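By convention here, the first residue in the shown sequence is residue 1. Model, not experiment: these values are computed from the prediction.
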Amino acid sequence: QVQLVESGGGLVQAGGSLTLSCSVSGPIVANYAVAWFRQAPGKERDFVAGISGSGGITQAADSVRGRFTISRDNAKNIVYLHMSLLKPEDTAVYFCAADRGLSVKSTYQYWGQGTQVTVSS
């Protein structure tokens, strides 16, 4: 059983930066790809960025590419989402998710509870 806990959300001004952390626990964490999704009120849950188990492959949505970076530290079992040049439209609840394969679809088997990110204009 894989468990995920997000942290690092908060309120930030437009143009600012924030780093989210996803602590992953369970058997052989490095076997699991981890992705970040976000969901704004009244909208669908969208893929933000993902990283393979080894960290060798990363993907990012067009809307965040060049501003957000995903990384992982398998020694600490943490996946990070470094967010910069934040915009008000980045405001959402951010979720991390894990599964055996990396995908942009929200079909991951394991999910965290989410952390709120609010970007003020």
_Within-4.5 Å side-chain heavy-atom neighbours: Arg100 and Asn31_ = yes
*Enumerate the residue pairs fulfilling disulfide (SG to SG under 2.5 Å) with a member in residues 10-103, sequence neighbours excluded, ordered by first and then second residue.*
Cys22-Cys96
*Atom CD1 of Ile57: over 12 foreign heavy atoms under 6.0 Å*: no
*Any salt bridge between Asp62 and Arg65, counting N to O under 4.0 Å?*
yes
*Side chains of Tyr94 and Glu6: closer than 4.5 Å at any heavy-atom pair?*
no
*Do the non-hydrogen side-chain atoms of Phe95 and Leu20 ever get within less than 4.5 Å of each other?*
no
*Does Lys76 reach the side chain of Ser21, with side-chain heavy atoms less than 4.5 Å apart?*
no
*Side-chain contact test, heavy atoms from C-beta onward, threshold under 4.5 Å: evaluate it for Tyr32 versus Val24 and give yes or no.*
no
_Check: Leu11 and Gln116 side chains under 4.5 Å, non-hydrogen atoms_ = no
_Shortest non-hydrogen contact between Ala98 and Val2, atoms and distance_ = CB-CG1, 4.3 Å
*Quick one: sort the Trp111 and Phe37 rings into parallel, tilted or perpendicular, breaks at 30° and 60°.*
tilted
*Can you check whether Ser17's main-chain N or O pairs, donor with acceptor, with Ser84's side chain at less than 3.5 Å?*
no
